[in-house]
Every structure is written in structure tokens, then in C-alpha cells.
Amino acid sequence: MAESWSFLDTFETDFRPLVVIELAKGTKEETIEWLTKRIADKKTSGGAQLMVKPLVTENGNQSIYLIGASHLRLLLGAETVGLVKECHDNSMRTFTYSSRKTFKDFADDNHNFLTMAECQYIIKHELENLRAKDEKMIPGYPQAKLYPGKSIVLVRRLLTSGILIQIFPLHDREELKKLCHSWYGRVKVGYQPLDEIRCYFGETIALYFGFLEYFTFALIPMAVIGIPYYVFAWEDYDKYVMFATFNLLWSTVILEVWKRICAIMTYRWGTLLMKRQFEEPRPGFHGVLGINPITGREEPVYSSIKRQIRIYLVSLPFVCLCLYFSLYVMMIYFDLEKWALDYHEENESTFSSLMLFVPSIIYAVVIEIMNRIYRYAAEFLTSWENHRLESSYQNHLILKVLVFNFLNCFASLFYIAFVLFDMKLLRQSLATLLITSQILNQFAESLLPYWLQKRHKKRMKKHVCSLKTDMDLPLVEQVNLEKEMGTYFGTFDDYLELFLQFGYVSLFSCVYPLAAIFAVLNNITEIYSDALKMCRVYKRPFAEPTANIGVWQLAFETMSVISVVTNCILIGMSPQVNALFPDSKTDLILTVALVEHLVLAMKFIMAFVIPDKPRDIQMKLAKLEFESLEALKQQQMKLAAESLKE
């Protein structure tokens with residue numbers, strides 16, 4: 001770093017609270033004093049050099065602390081985390097304090113150069129990198145062992161010891177009000193304010209809403225084409241061949257085009273250029289004390305053989321057992337379908353016609369319940385497997401959840417299509433499962449939490465108004481309201497919902513063309529409900545820089561490959577295609593397999609031909625790489641010249 005941390009001896013007098021730390025009530029004074037001192041200590045002394053201020057309640061309890069930082073401290077932190085900002089020449093470069101004057105909108109008195117989300121991300125980074133020095137235990141808690149180099153704020157030890165309750169970033173009420181108005185405050189036809197969402201919530205949240213918006217627009221051609229097929233050719237499955245063919249090309253093109261749009265957005269935001277940080281052990285990782293061969297630091301070490309044993313001898317059998325149970329429930333559903341059909345044939349009434357939909361509705365509700373219960377079990381198992389890195393933990397969790405959700409949601413449709421060969425029942429089941437799951441998700445994820453939050457907010461306001469405190473009452477009210485809000489655990493469930501929706505639309509599109517229409521309608525309401533959820537229901541999440549949607553891109557691409565297989569088989573099952581091979585079913589199967597391979601080859605060729613990044617961004621990235629290599633070369637030549645002089 002060009003500048004030394006020693007010139008940060010003084011802070012600005014203005015204190016802007018950015019992050020809240022809540023400690024357990026009754027936390028020992030020596031523990032609080034030690035923790036706050038470590039947060040406020042200079043970097044040269046092993047601290048974070050941040051500002052700490054207690055939020056005193058009416059009874060004098062100091063369990064809540066506000067964390068802030070000076071403008072200078074945040075600028076140096078921006079260099080530490082490798083934030084990328086726009087320069088005066090419109091290029092994107094990694095921010096350095098020494099070259100701060102070359103960046104657009106920078107001024108010594110401009111405290112808005114860094115967004116509030118970036119400031120909170122910097123503070124989170126500094127807190128997570130606080131390490132024990134010579135302490136062997138947390139003062140006041142001898143059972144909470146520490147060792148040199150161990151992160152001391154967000155580690156499992158502080159949480160399990162009951163010292164740290166939670167840490168979260170504060171909302172900016174004025175900025176939030178503006179964002180709410182432009183985002184969901186009025187019903188309008190137009191794009192979301194993704195740049196404003198990114199500035200307030202960070203790149204991960206903004207990318208999700210960008211993908212949701214893009215996916216909704218991408219569904220419109222499918223929805224428009226599906227309407228005439230529904231109106232004019234409902235029972236004529238032969239006419240769905242063209243629709244299925246269009247779907248196969250559509251599912252490939254939209255995913256490849258999304259990569260380009262994602263690259264454009266993340267380049268503009270700077271995250272496409274951010275260097276990947278060295279990944280530290282996740283807070284939940286535990287093991288015997290050992291030496292990391294890469295960093296040379298002491299940290300927990302856990303045998304990979306033990307982890308593999310847990311995965312293959314415990315987790316895998318458990319997942320298989322859950323899959324078997326899911327199939328067992330599916331067979332019960334088919335028994336209910338048979339009962340409903342027999343009842344309708346005996347009575348032939350309006351009531352009996354409605355009863356035909358009851359088994360599918362019950363099954364859809366059971367699917368949602370099973371998915372949520374399994375999710376908790378998968379999280380417990382993945383945590384028990386004791387993965388060292390957060391990325392490894394997330395990948396194993398996503399794999400478990402995707403496999404179960406795919407089988408749980410789509411197994412009955414595959415069974416109806418390829419075992420029962422009942423296209424009418426397939427269409428009915430697909431429609432019922434899709435619509436019911438959308439209604440349940442909207443209620444469980446947005447409407448119910450919003451209603452509960454409104455009730456809690458009324459009670460909390462009455463309580464806060466009765467407080468006798470010398471602090472700024474709006475701040476006390478805000479902190480007390482936000483600390484009781486639900487915690488947003490990331491975009492996992494949101495992407496999972498879109499993934500399953502993509503499966504309903506793409507896997508059996510030739511049977512139920514209206515699936516895309518219901519998906520569009522759901523996504524339009526999803527945009528507004530998710531925006532409401534982020535702004536009013538949950539605590540503000542910490543910003544997380546990201547350059548893409550991660551493993552979900554691979555998940556969607558895998559689903560599109562599976563859709564090629566299912567649609568090709570459905571086309572091969574049509575009477576029109578069967579009529580072309582009246583004497584040999586073997587020729588039919590071979591022809592369908594050949595067509596399926598050709599379509600897959602076309603998909604992979606299209607994926608190869610369509611660049612992931614637009615040409616202009618490729619040129620900008622190449623230019624930056626060339627300049628960095630030239631700068632490194634000049635530096636090496638300068639060092640060589642100085643050594644020759646000596």
C-alpha cells in the first residue's frame with residue numbers, strides 16, 4: 001500500500017453509524033471493553049481502526065454498538081478490498097489511495113464517492129479480518145479458546161459462546177425512501193433501477209433482480225407464441241412440434257445472451273475486474289489446530305478423508321432415502337388421481353369435475369412442504385460435513401437441494417409423460433403444480449413476512465416512544481426496529497424458484513404452452529413483492545461483490561440440456577411422427593436419438609459461437625491487462641537499474 005496506516009491517527013469528528021453489533025445481554029464488561037478496544041485500535045496495533053459508539057437504552061444497558069469509520073479510513077479500506085471505480089478517461093481501474101485524484105467524482109470533501117453499501121462492505125471486511133494477537137481465550141469467557149491468527153468477531157466461537165447475537169448494516173432512510181419510490185412505489189411499465197439497487201444493496205442483489213427482469217422479458221416470446229397454440233390447437237399435439245423446436249433454441253439463446261448482459265453490467269459496476277480475494281476458512285469450520293501450508297498461519301485442520309466418509313456414508317444415503325420418500329409420496333398422489341377420476345366417472349357433476357384438480361393441488365402443497373423441510377436437513381448435513389471454504393459449502397448445499405427439488409417437483413410429470421403416456425393428465429398436473437407453487441411462494445416469501453413485520457413495527461414504535469434516552473430518538477427507533485427484522489439469507493431461494501419455474505416452462509412446453517404466460521405474470525408480481533421484501537421486511541444485507549450469478553448459470557444450462565431430451569422424446573411420441581415409422585419402432589427410437597444429438601450439438605455450437613463478453617468489453621479488459629503488464633515490467637526495470645547503481 002502506497003500510504004502508511006500511521007497517518008490515520010485522527011478521525012473526523014462526524015460519526016456516521018453504518019453497522020450495528022448486538023451483544024448478548026449480560027455480556028461481561030471486560031469482554032465488551034476488549035472487543036470494542038480491538039475494533040477501535042490502530043491497524044499498526046492489530047485493530048480495525050474503526051469508530052465504535054454504544055447505543056444506550058432506557059435501563060442503561062449497552063448491548064448494542066454502532067460502528068462507523070472516517071472518510072480516510074474507508075478510502076484506505078477500499079484499496080484493501082480492491083474496489084474498482086471509474087476514472088476520468090472512462091476506464092475502470094482498481095482504486096488506490098495514491099492515485100485517488102484520477103478517479104471520476106472524487107474530491108476530498110465528497111463523502112459520496114463510495115456508496116453506503118461499499119462502506120458497509122469495507123467495515124464487514126475489516127471486522128472479519130480482526131485476529132487474535134496473544135490472547136488464548138476471549139476475556140471473561142475462558143471456555144472460548146482463541147489462538148493467534150483466528151478471526152474473533154464473526155467466527156463460530158463468538159456466536160456459540162453467546163457473546164455475539166448479530167451484526168447487520170443500517171438502512172439509510174432517505175436513500176431507501178427514494179429507492180422504494182423509483183423501484184416499486186408506483187406501477188409502471190419499464191426497467192428496474194438496477195444501478196440504484198446496486199448502489200444500495202450491492203452487486204449480488206442487483207444481479208438477481210437483473211436476471212429476474214431479463215428472464216421475464218425473455219419469456220414474453222414464448223408466452224406470445226403459446227397463446228395461439230392454446231386457442232387453436234389445444235388437443236392437436238402434432239402442431240406443438242414447431243413450438244417445442246422454438247423452445248429448444250430459445251432456452252439456449254437466452255442463457256448465452258444473459259452472459260453478455262451480465263458482463264456489461266458487472267463491468268460498469270467494477271466487479272468484473274475485481275481480483276478474487278484469498279478465501280479464508282468459513283466461520284463454521286472446526287478441527288484440530290494446525291499450520292496452513294499456504295499462509296503459514298495456525299488454523300483448524302480437518303481430514304479430507306473424514307469429510308468424504310461423512311459425505312458418502314451419511315449424507316449420500318440420507319439424500320437417497322429422501323428421494324425414495326419423495327417417489328413414495330408421488331405414488332400416493334397417483335392413487336388419489338385414480339380415486340378422483342373414478343369418482344368423476346360415477347357422478348359426472350360440476351363438483352366431481354372440480355375434484356379432479358384436488359389431488360394435484362394437495363400434491364403441490366405437499367411438494368412445497370417437503371422442499372422446505374428438506375432444505376433444513378440439507379443445511380444441517382452440509383454444515384456437519386465441515387467444509388473449510390464457504391464456496392465449497394455452498395456448492396455442496398446447492399447440489400443437494402437441486403437434486404431433491406428437481407426430483408420432487410418433476411418426477412410425477414416424467415412418470416405421467418413417459419410411463420402413463422397420458423398427455424391430458426400431464427397438462428393438468430403441470431398447470432396445477434406451476435400455479436399452486438407460485439401462489440404458495442408469493443404468500444410464504446412476501447405477503448406473510450410483510451404482514452408480520454407490519455404488526456411488529458406498530459408494537460415496536462409504541463415501545464420506542466416510551467423510552468427515556470438522551471440519544472437521537474429516530475436512530476434508537478431505527479436500530480430497535482431493524483434488529484428485530486428477519487434476516488435475509490441470500491438469493492439462494494430466489495434463484496431456486498426461478499430454476500424450478502424454468503423447468504416447468506422448458507421441460508414440457510409442447511404440452512402446456514400457457515406455462516410461459518403464467519410465469520410472466522408471476523415474475524411481474526415477483527419483482528414488486530421481492531422489492532418490498534428487501535426494503536421493508538428484512539434487515540439490510542451486506543453487499544457482496546460478484547461478477548456473475550455463479551453456479552446457477554450452470555444449473556440453468558443443465559436444465560436446458562435436459563429439456564432438449566424431454567421435448568425430443570415428446571415429439572417422437574406424437575402420432576404424426578409415429579406414422580412415419582409404421583413398421584419399426586427401432587427406427588423411430590434411433591431417429592429421435594439422432595435428432596436429439598443434433599439439437600444438442602447445435603446448442604453447444606451456439607454456446608461456443610456467441611461470445612460471453614461483448615467485443616468492446618473484451619478490448620477494454622485486454623487493454624487493462626496489457627497496461628498492468630507494462631507497469632510491472634517498468635517497475636522491474638527500475639528495480640534492476642537501482643540494483644546496478646548500488
Side-chain angles (χ1 to χ4, degrees), residues 1-5 7-8 18 43 48-50 69-108 110-129 194-195 198-207 262-280 295 391 542-548 550 612-614 616-639:
M1 186 177 294
E3 301 287 353
S4 171
W5 289 100
F7 74 109
L8 264 176
L18 295 170
K43 291 286 288 185
Q49 207 154 346
L50 302 173
S70 68
H71 180 55
L72 185 58
R73 176 68 183 87
L74 291 171
L75 291 176
L76 291 170
E79 180 176 348
T80 302
V81 300
L83 290 185
V84 176
K85 308 293 284 186
E86 187 176 6
C87 295
H88 289 298
D89 60 358
N90 296 324
S91 64
M92 304 295 295
R93 299 179 188 278
T94 303
F95 177 81
T96 58
Y97 185 78
S98 58
S99 61
R100 59 192 180 279
K101 300 292 185 181
T102 63
F103 290 89
K104 187 178 290 187
D105 299 327
F106 180 85
D108 290 327
N110 179 17
H111 289 201
N112 295 322
F113 175 70
L114 298 175
T115 67
M116 189 175 181
E118 288 172 337
C119 295
Q120 291 166 334
Y121 170 69
I122 291 168
I123 288 179
K124 173 176 175 282
H125 176 270
E126 294 299 336
L127 292 176
E128 286 180 338
N129 281 275
L194 293 179
D195 288 334
R198 173 254 170 181
C199 287
Y200 194 84
F201 287 109
E203 290 78 16
T204 299
I205 304 296
L207 266 187
C262 181
I264 293 171
M265 287 194 298
T266 53
Y267 178 82
R268 185 172 73 246
W269 296 339
T271 52
L272 189 63
L273 301 171
M274 283 187 70
K275 294 180 180 179
R276 184 179 177 184
Q277 298 282 331
F278 180 77
E279 200 169 358
E280 297 281 356
T295 63
S391 59
F542 279 105
E544 288 293 340
T546 186
N548 49 56
D612 291 349
K613 301 180 182 69
D616 61 326
I617 290 183
Q618 292 183 29
M619 295 294 291
K620 291 175 181 177
L621 294 175
K623 182 180 178 181
L624 287 174
E625 184 178 0
F626 172 76
E627 290 177 354
S628 63
L629 290 174
E630 284 296 307
L632 180 61
K633 188 186 299 183
Q634 292 293 331
Q635 186 179 9
Q636 290 175 341
M637 291 174 62
K638 184 179 178 181
L639 291 173

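What you see is a predicted model, and the numbers here were worked out from it, not measured in a lab.
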> Under 3.5 Å, is there a donor-acceptor pair between the side chain of His88 and the main chain of Lys101?
Replying inline: yes

>> My understanding is that only residues two or more places apart in sequence, or in another chain, count here; which of them pass side-chain contact (heavy atoms from CB on, under 4.5 Å) with Thr204?
In response: Thr491, Glu544, Thr546

> What pair of heavy atoms forms the shortest contact from Gly202 to Ala117, and how long is it?
Replying inline: N-CB, 4.2 Å

>> Assess the residue pair Met92 and Trp269 against the criterion (side-chain contact (heavy atoms from CB on, under 4.5 Å)); give the C-alpha distance rounded to whole Å, side-chain angles, the decisive distance to 0.1 Å, and a yes or no.
In response: CA-CA 9 Å; Met92 304 295 295; Trp269 296 339; over 6 Å; no

> Mind checking what makes side-chain contact (heavy atoms from CB on, under 4.5 Å) contact with Leu621, not counting sequence neighbours?
Replying inline: Tyr267, Leu272, Leu273, Lys613, Ile617

>> Minimum heavy-atom separation for Arg93 and Leu624, please, with both atom names.
In response: NH1-CD2, 3.4 Å

>> Distance check, rounded to the nearest 0.5 Å: Leu127 atom CG versus Phe542 atom CZ?
In response: 7.5 Å

>> Tell me whether the count of non-hydrogen atoms from other residues, nucleotides or ligands lying under 6.0 Å of CD in Glu625 goes above 12.
In response: no

> Can you tell me how far the CG atom of Leu74 sits from the CD atom of Gln120, to the nearest 0.5 Å?
Replying inline: 10.0 Å

>> Please enumerate all residues that pass ring-ring contact (aromatic ring centres under 6.0 Å, His included) together with Phe113, with sequence neighbours excluded.
In response: Phe95, Phe106

> Who passes side chain to side chain donor-acceptor pair (under 3.5 Å) against Asp612, sequence neighbours left out?
Replying inline: none

> If we only count heavy atoms from C-beta on, is the Glu126 to Lys43 side-chain gap below 4.5 Å?
Replying inline: yes

> Rounded to the nearest 0.5 Å, how far does CG of Asn548 lie from CD of Glu203?
Replying inline: 12.0 Å

> Where do Gly77 and Ile122 come nearest, in terms of heavy atoms and distance?
Replying inline: CA-CG2, 3.7 Å

>> The criterion is side chain to side chain donor-acceptor pair (under 3.5 Å); which residues satisfy it with Thr94, sequence neighbours excluded?
In response: none

> Under 3.5 Å, is there a donor-acceptor pair between the side chain of Arg73 and the main chain of Ala48?
Replying inline: yes

> Which residues pass the side chain to side chain donor-acceptor pair (under 3.5 Å) test with Asp89, sequence neighbours left out?
Replying inline: Ser91

>> Could you report the tightest heavy-atom contact between Ile264 and Pro614, atom names first, then the distance?
In response: CG1-CG, 3.6 Å

> Which residues satisfy the salt bridge (charged side-chain N to carboxylate O under 4.0 Å, His left out) test with Lys104, sequence neighbours excluded?
Replying inline: Glu86

> Around atom NZ of Lys633, are there more than 12 heavy atoms of other residues, nucleotides or ligands at under 6.0 Å?
Replying inline: no

>> So, using salt bridge (charged side-chain N to carboxylate O under 4.0 Å, His left out) as the criterion, who are the partners of Glu118 when residues are at least two apart?
In response: Lys85, Arg198

> Hey, what do you get for NE2 (His71) to CG (Leu76), rounding to the nearest 0.5 Å?
Replying inline: 10.0 Å

> Do Asp195 and Arg268 touch side chain to side chain, with heavy atoms closer than 4.5 Å?
Replying inline: yes

> So how far is it from Leu207 CG to Thr271 OG1, rounded to the nearest 0.5 Å?
Replying inline: 6.5 Å

> Counting distance only, does the side-chain N/O of Asn110 pair as donor-acceptor with the main-chain N or O of Asp105 below 3.5 Å?
Replying inline: yes

>> Please enumerate all residues that pass side-chain contact (heavy atoms from CB on, under 4.5 Å) together with Cys199, with sequence neighbours excluded.
In response: Thr115

